[in-house]
Amino acid sequence: MEHTRRDKICDLLRSKIYDREVTVKGWVRTKRDKKTFGFIELNDGSTIRNIQIIVDFATVYGNTLNNLQDQNTFANWKEITTGAAVCITGKLVESPAAGQPVEIQAQKITVYGTADPESYPLQKKGHSLEFLREIAHLRPRTNTFGAVLRIRHAMAYAIHKYFNDNGFYYIHTPIITGSDAEGAGAMFRVTTLNDQQPPKLPDGRVDYTQDFFGKMTNLTVSGQLEAELGAMALSLVYTFGPTFRAENSNTPRHLAEFWMIEPEMAFYDIHDNMDLAEDFLKFLMQYALDHCIDDLEFLNKMYDNELIDRLRSVIASRFERLTYTRAVEILIASGQQWEFPVSWGTDLQAEHERYLVEKHFGKPVILTDYPKDIKAFYMKQNDDGKTVRGMDVLFPKIGEIIGGSQREEDLESLRRRISEMNIPEKDVWWYLDTRRFGTAPHAGFGLGFERLILFVTGMANIRDVIPFPRTPKNAEF
RNA sequence: UCCUCCUUAGCUCAGUUGGUUAGAGCAUCUGACUGUUAAUCAGAGGGCCGCUGGUUCAAGUCCAGCAGGGGGAGCCA
């Protein structure tokens, strides 16, 4: 096939240099027939917008549709259906009609790949998100998923940019882990043992010393502990990678495989941690508004009329910071009827978080200083002996978007906590070593990437903000 | 995992107290149309009514089980 340079549609739509030859390659969204000419709407993924191509049949085919009996002449035109991949060369001109700034007067059309209209599942009208999940291999070709995927990319890039520009180092933490000390949820086993006849110990249990790694291994549920090791040398680090939870969670906010961002900062206390989290989130939202406005406007129009206002409102607000204890007082004093009663010492339920964020304060909330018994072992204990320096950032619509804490840097306090929570010290000897050798105050947090994308896109279901969702009973594609 | 709702044409959905041959819009196909833009107009084709079993003279409709999906909850990010 002859090679031709490609003009990106996003560039052409912005161009003011008319009457020049251009070549576009992309996928047909719609075709509209007339008698002597037709229109093609072409999309190449560079923008949510299509470019319009006008095809004068006399120019391109030397004939008109009145002579349809001449099948050879119009075989090419008939192959141009929704979903077909084509290459079109023509002249870029100012559009004489409203609806688009420029259009292309076609001179030559090559069809790379047809899409049989009888069986191609995407049509030019809208589809339900549930249906599109069943064809996740084709849904990137829709306006909605094009927009979501471009925003997802922009947010991934903005995350790296933010940390890089602020002196953080990207550290790659392992995906296969031999520790299950996180306690963050059920794990997926990684093994190469024969699943029919695994080697057994005398007591009947599987002998993992004969497994690939010589021990039981799983997919990671968090890179935090390893990120802390990096922070104890490079001061400012972050991880950004896939994590896995084998929980049987069937909700619009949970995935079995999701991506998480975990910065870890030496010499930060919980207040520095909160400052960073707030600044970071606002930066990401501003980045989306600055770089993805076409896609955001589409999502705002089609799915969530308050999306752009909400992003702006979060950027403009100062996140409300209060202790867990104070939050419990507010909830008790609210006089609301709760499905789950509020009392000091139990974790807040979704209804409580929603009340604080959406009703009481009307803006993002950061809760701190939780009871130690409902939080992880590594959180720094307060002097009151009851609470730890954890912090959760709660957002409207999606609830907890960030969870973090100042970490316990004192070896003996940490060992006591590990013992209380029945975690074998031999599993975390390497983690304890950071407290043995040059320990320092430090803090960090975790941000669920897809939760962030949910908020930034206004989508309602987490399965629609990751290209190939992994959920219980679903690992297709 | 629990509660709840749903499953009818390629898609989105109607379908009356159980009663002849199961409908619509969009999509597809055929045609009309001198600038359309989710074009418009006319016509045509398209159904294991999720699966299995039951009740009944008769089941898309009632009952049970199973499967898949949505929403809520829990777990969490």
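A note on names: the letters A, B, ... follow the listed sequences, proteins ahead of strands, and every chain is numbered from 1.
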Euclidean distance for P, B:U28 against B:C11 (whole angstrom): 14 Å
If you pin A:F131 and A:Q349 to their nearest nucleotides in RNA chain B, which one's is more 5'? A:F131
So, using salt bridge (charged side-chain N to carboxylate O under 4.0 Å, His left out) as the criterion, who are the partners of A:R139 when residues are at least two apart? A:D464
Quick one: on RNA chain B, does A:G99 or A:P472 contact a more 5' nucleotide (nearest heavy atom)? A:G99
Can you list the stems that include RNA chain B, where a stem is three or more consecutive Watson-Crick or G-U pairs with distances under 3.5 Å? B:1-7 with B:67-73, B:10-13 with B:23-26, B:28-32 with B:40-44, B:50-54 with B:62-66
With rounding to whole Å, what would you report as the distance between B:G54 and B:G15 at their C1' atoms? 24 Å
Using only atom types and a distance under 3.5 Å, with no angle test, would you say the side chain of A:S46 pairs donor to acceptor with the backbone of A:C10? yes
Using the rule side chain to side chain donor-acceptor pair (under 3.5 Å), only one of A:R32, A:K31, A:R29 pairs with A:E41; which is it? A:R32
Kindly say if A:R133 contacts the phosphate of B:G70, meaning a side-chain N or O under 4.0 Å from OP1 or OP2. yes
Under 3.5 Å, is there any donor-acceptor pair linking the side chain of A:D33 to the base of B:U36? no
When the P atoms of B:G50 and B:U16 are considered, how many whole Å apart are they? 14 Å
Between B:A27 and B:C63, how far apart are the P atoms? Round to whole Å, please. 37 Å
In whole angstroms, the gap separating C1' of B:C29 from CG of A:D116 amounts to 11 Å
Measuring centre to centre across the rings, with the benzene-like ring taken for any Trp, is A:F258 within less than 6.0 Å of A:F449? no
